Amino acid sequence: MREMIRILGKSICILIVGGFAGAVLLILAYMLPVNTENRDASFDVIHQEGEYPRASMSLPTVYDNFVFYATDRLDGFTDETMLQTAMNLEDRSPLLQAMSSYSENKGEYSYYWHGYVTLLRPLLLIFDISSLRMFNCMCQLALLTVLLLLIGREKGFPYAAMLLTSYFLLMPMALFMALQYSWVFYVAAISTLVLLKKKDFLFSGKRIIYFFIIVGMFTSYFDLLTYPLFTWGMPLVWWLVMEDTYDKRTGWCRKVVISGLSWIAGYAGMWMLKWSMASIVLKRNIYQSAIDEVLFRSGTTGEMENYQLADRLRVFYTNWMHYEHVVFVILLVIWALYWAWKSLRHGWRCSPKGHAYLLIGLSSFVWYFVLVNHTAVHHHFTYRIFGVTLLAILALINDGVVHERVSPTIGTRLKVLAIWAACFLLAFPLAMSHREDLSVMNGEEEYRKILLEQGETLEVPFTPTFNQIKNLGLGLESVGGTGEYEISLWDGDRLKYRLSIPVWNSEEGHYKGFDVDWKLNHKKTYRLTIAVHDNPNDTNVWVTTGSMPLAEYGELRVGDSAMPGQMLTGIVYWCRPLEKSNFLFLVFSWMCALAAVSLTVLSPWLQESGKVVC
């Protein structure tokens with residue numbers, strides 16, 4: 001009990017000292033001048049690229065925003081917010097600037113620390129955003145090289161390859177170019193470097209607890225909720241890899257839990273210190289807006305308040321889809337083949353750390369499940385949270401395969417082969433159960449308007465390509481905001497689905513997407529009709545004759561008159577993966593996940609052969 005009180009007291013002191021140090025550094029940063037030339041040049045680059053460009057494309061296009069699962073998608077909006085915050089030209093005291101964290105994009109963004117300002121503001125005296133990206137690239141590669149040398153020298157090539165793979169899966173090209181994504185990498189990598197260099201010091205006593213508290217504090221200080229769990233998972237995995245002392249399975253799992261609680265204490269405690277300081281300085285309740293944001297991001301309030309269990313589980317696949325890129329697939333398949341070959345040839349090691357690695361791997365799923373709103377909306381960068389799971393599985397592989405040239409008995413090989421065969425066969429129905437979004441659209445920016453007068457009905461034959469529609473987007477324009485649009489889907493003369501939507505004000509835009517849950521038969525043709533009720537003003541329907549017609553539509557008619565073109569439409573289907581390569585990737589994914597659990601849980605059964613080292 002006395003020991004727990006001592007640890008708690010030290011932890012509180014670390015938090016308080018860290019909070020005040022962070023505030024002082026921000027104040028000092030805001031006392032520096034701003035290089036307006038670099039400021040203007042940086043904003044010019046961000047504006048030319050657009051809000052969500054891709055790192056692999058030299059020029060932005062209108063379709064960049066619709067490539068939802070591109071692995072190299074940047075976050076220009078947040079990078080611009082960071083630049084605005086770091087180069088704030090407000091005529092206010094440095095203390096007020098540090099606590100309010102004002103930007104033109106977000107206004108007062110005071111419940112985050114925005115600790116990146118302490119680095120960005122001085123760096124932007126020297127660099128503009130283009131030069132800063134080059135500097136960022138060199139710093140990341142230098143840090144990665146040092147880590148590779150340290151790990152390779154101590155643990156050998158398989159573990160160096162594990163580090164390199166985990167870095168590749170973060171999409172380095174995007175990390176070089178996006179300020180938003182870099183801070184978590186630096187905190188995770190530098191923390192791992194400190195752990196590797198000072199492991200004898202950190203592994204003794206309770207110092208590792210304070211280490212993870214400090215890592216959590218740095219994460220809260222620099223990050224804007226991108227993939228923060230990685231700063232816990234990366235050093236934790238390497239701690240377990242490097243720790244050579246003997247412990248039971250429960251002991252290793254206990255270390256995972258203690259490190260996680262320590263990291264949460266530092267992460268949440270540092271965050272709450274900012275809320276307290278900002279509330280005092282700004283003389284308003286920052287806690288309320290912060291708690292509202294936490295509840296919203298967890299899906300407790302707002303648009304995801306009524307999401308069911310299935311919707312929360314769907315977020316896992318939404319984020320995992322980013323790894324279906326061919327480069328990532330090749331990396332993961334190579335590891336899967338290496339794992340299967342080594343375990344079949346030399347057997348499987350009964351490692352007491354295996355359950356701890358599985359526990360670490362599970363943490364990503366817990367994060368996605370709890371912060372469902374944030375990880376569903378921002379999956380183009382939160383997919384990197386799966387990096388914790390992937391790193392843990394790679395560690396499990398390297399810790400479990402037998403690197404010595406031993407020849408297990410036929411019985412052991414048959415047992416391992418049976419496990420792999422069962423995992424492979426079970427992976428197929430699990431992969432078949434997956435569904436993903438498929439977006440189709442028939443127009444660019446070119447469209448014309450056709451008039452839909454009172455009492456008239458627009459009608460078009462509609463044959464869905466797949467059996468379930470999640471969202472239907474249409475361009476409907478009406479002056480004023482009275483009455484309602486009635487969008488109906490007919491199966492012959494029988495009404496199947498109807499959307500009655502209030503006419504919206506034209507200032508809010510004319511093209512809108514409607515969430516639906518239409519379960520249809522892709523072999524049937526339906527009738528889609530649109531009418532307007534109780535609106536005295538004329539209504540226009542947007543029609544396109546572009547080069548991307550939808551196969552879903554037949555001839556468009558208004559009343560008795562046929563019209564050329566198609567309604568400007570976007571459809572989001574919910575369907576099985578179309579590409580065979582994606583399906584095979586899902587099979588490999590499930591097979592490896594099942595193998596990780598099976599080989600770890602059944603390792604005592606394999607050990608009975610007498611050829612598996614424990």
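All heavy atoms count here, side chains included; hydrogens, waters and symmetry mates do not. All values reported here derive from a predicted model rather than from experimental measurement.
- Taking CG from Asn105 and OG1 from Thr81, the interatomic distance works out to 3.5 Å, rounded to the nearest 0.5 Å.
- Not a single donor-acceptor pair under 3.5 Å links the side chain of Thr78 to the backbone N or O of Asp75.
- Aromatic ring centres of Tyr109 and Tyr111 lie closer together than 6.0 Å.
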Show the numbers, then the answer: is there a side-chain contact (heavy atoms from CB on, under 4.5 Å) between His434 and Trp590? CA-CA 11 Å; His434 281 262; Trp590 274 111; 2.6 Å; yes
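- Aromatic ring orientation, Trp183 versus Phe222: parallel (interplanar angle below 30°, classes split at 30° and 60°).
- In this structure, the side chains of Ser101 and Lys274 come closer than 4.5 Å at one or more pairs of heavy atoms.
- Of all non-hydrogen atoms in Glu108 and Tyr102, the two that sit nearest each other are N-CD1, 3.8 Å.
- Annotation: Tyr287 is in aromatic contact with Trp275 [ring centroid separation under 6.0 Å].
- There is no side-chain donor-acceptor pair under 3.5 Å between Thr375 and Trp367.
- Under 3.5 Å, the side chains of Gln48 and Asp44 contain no donor-acceptor pair of N or O atoms.
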Step-by-step side-chain contact (heavy atoms from CB on, under 4.5 Å) determination, Val187 to Asp223: CA-CA 9 Å; Val187 173; Asp223 184 46; over 6 Å; no
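- Ring planes of His378 and His374: tilted class, angle from 30 to 60°.
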Would Phe127 and Phe135 count as a ring-ring contact (aromatic ring centres under 6.0 Å, His included) if you check the C-alpha gap in whole Å, the side-chain angles of each, and the deciding distance to 0.1 Å? CA-CA 9 Å; Phe127 305 119; Phe135 181 70; 5.2 Å; yes
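- In this structure, Tyr383 has its ring center no closer than 6.0 Å to that of Tyr227.
- Looking only at distances, a side-chain donor or acceptor of Asn398 sits under 3.5 Å from a matching main-chain atom of Pro158.
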For His380 and His322, run ring-ring contact (aromatic ring centres under 6.0 Å, His included): C-alpha distance rounded to whole Å, both residues' side-chain angles, the deciding distance at 0.1 Å, then the answer. CA-CA 8 Å; His380 61 280; His322 290 272; 7.7 Å; no
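- Although no hydrogens or angles enter the test, the distance criterion places a donor-acceptor pair under 3.5 Å between the side chain of Ser42 and the main chain of Ile129.
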Tell me, with the steps shown, if His114 and Tyr116 meet side-chain hydrogen bond (donor to acceptor under 3.5 Å, both in side chains). CA-CA 5 Å; His114 300 271; Tyr116 56 82; 2.6 Å; yes
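- The minimum heavy-atom distance linking Ala188 with Pro235 is given by the pair O-CD, 4.2 Å.
- Taking CH2 of Trp238 as the reference point, atom CE of Met162 lies at 3.5 Å (rounded to 0.5 Å).
- To the nearest 0.5 angstrom, Arg92 atom CZ is 7.5 Å from Gln97 atom CD.
- For Arg384 and Tyr181, the positive end sits near the middle of the six-membered ring, less than 6.0 Å away and at most 45° from its axis.
- A distance-only check finds no donor-acceptor pair linking the side chain of Asp72 to the backbone of Arg54 [under 3.5 Å].
- Minimum heavy-atom separation, Ser11 to Ile7: OG-O, 2.7 Å.
- What you find for Leu390 and Leu332 is that their closest heavy atoms are CD2-CD2, 4.0 Å.
- Of all the heavy atoms in Ala596 and Ile393, the pair that sits closest is CB-CD1, 3.8 Å.
- The main-chain N or O of Ala41 is never found under 3.5 Å from a side-chain atom of Asp128 such that the two would form a donor-acceptor pair.
- A salt bridge links Glu49 and Arg133; the closest N-O separation between the charged side-chain nitrogens and carboxylate oxygens is under 4.0 Å.
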Could you tabulate the donor-acceptor pairs under 3.5 Å formed by side-chain atoms of residues 209-219, not counting sequence neighbours?
residue: Thr219; atom: OG1; partner: Val215; partner atom: O; Å: 2.8
residue: Thr219; atom: OG1; partner: Thr231; partner atom: OG1; Å: 2.7

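- A donor-acceptor contact shorter than 3.5 Å is absent between the side chain of Asn88 and the backbone of Gln84.
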Could you go through Gln140 and Leu144, starting from their C-alpha distance and side-chain angles, then the distance that decides it, and tell me whether this counts as side-chain contact (heavy atoms from CB on, under 4.5 Å)? CA-CA 6 Å; Gln140 288 188 29; Leu144 180 67; over 6 Å; no
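- Side-chain N or O atoms of Ser166 include none that pairs as donor or acceptor with a backbone N or O of Leu391 at under 3.5 Å.
- Using the six-membered ring where Trp is involved, Phe203 and Trp239 have ring planes that are tilted, between 30° and 60° apart.
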Do Trp232 and Val256 pass the side-chain contact (heavy atoms from CB on, under 4.5 Å) test, and can you show the C-alpha distance, the side-chain angles, and the key distance before you say yes or no? CA-CA 10 Å; Trp232 167 73; Val256 173; 4.0 Å; yes
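- Using a 4.0 Å cut-off between charged side-chain N and carboxylate O, Glu154 and Lys199 make a salt bridge.
- The distance from atom OH of Tyr186 to atom OG of Ser191, rounded to the nearest 0.5 Å, is 14.0 Å.
- Considering only heavy atoms from C-beta on, Phe20 comes within 4.5 Å of Met277 through its side chain.
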What do the steps show when you test Glu37 against Asn35 for side-chain hydrogen bond (donor to acceptor under 3.5 Å, both in side chains), and what is the final call? CA-CA 5 Å; Glu37 185 177 343; Asn35 186 325; 5.8 Å; no
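- Ring geometry for Trp320 against Tyr323 counts as tilted: the plane angle lies between 30° and 60°, on a 0 to 90° scale.
- If you take CD1 on Ile385 and OG on Ser364, they are separated by 7.0 Å, rounding to the nearest 0.5 Å.
- The structure places CE of Met234 at 4.0 Å from OG1 of Thr192, a figure rounded to the nearest 0.5 Å.
- For the residue pair Met171 and Thr71, the shortest heavy atom distance occurs at CG-O, 3.5 Å.
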Using the rule given for ring-ring contact (aromatic ring centres under 6.0 Å, His included), can you reason through Phe386 versus Phe316, listing the C-alpha separation, both sets of side-chain angles and the distance that settles it, and then say yes or no? CA-CA 9 Å; Phe386 265 132; Phe316 301 157; 7.3 Å; no
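- A donor-acceptor contact shorter than 3.5 Å links the side chain of Arg207 to the backbone of Phe201.
- At least one cation-pi condition fails for Arg312 and Tyr368: the charged atom is not both under 6.0 angstrom from the six-membered ring centre and inside a 45 degree cone around its axis.
- Formation of a donor-acceptor pair under 3.5 Å by the Lys353 side chain with backbone atoms of Asp399 is not found in this model.
- Taking the side chain as every heavy atom from C-beta outward, Leu282 and Ile286 approach each other to under 4.5 Å.
- The main-chain N or O of Ala178 is found under 3.5 Å from a side-chain atom of Ser182 such that the two form a donor-acceptor pair.
- By the 4.5 Å heavy-atom criterion applied to side chains, Leu195 and Ile208 are counted as neighbours.
- In the model, Arg121 has no side-chain atom that pairs as donor or acceptor with a side-chain atom of Thr118 under 3.5 Å.
- Using a 4.0 Å cut-off between charged side-chain N and carboxylate O, Lys106 and Glu80 make no salt bridge.
- Lys470 has a carboxylate O that lies under 4.0 Å from a charged side-chain N of Asp437, or vice versa, which qualifies the two as a salt bridge.
- Residues that satisfy the side chain to side chain donor-acceptor pair (under 3.5 Å) test with Thr36, not counting sequence neighbours, are absent from this structure.
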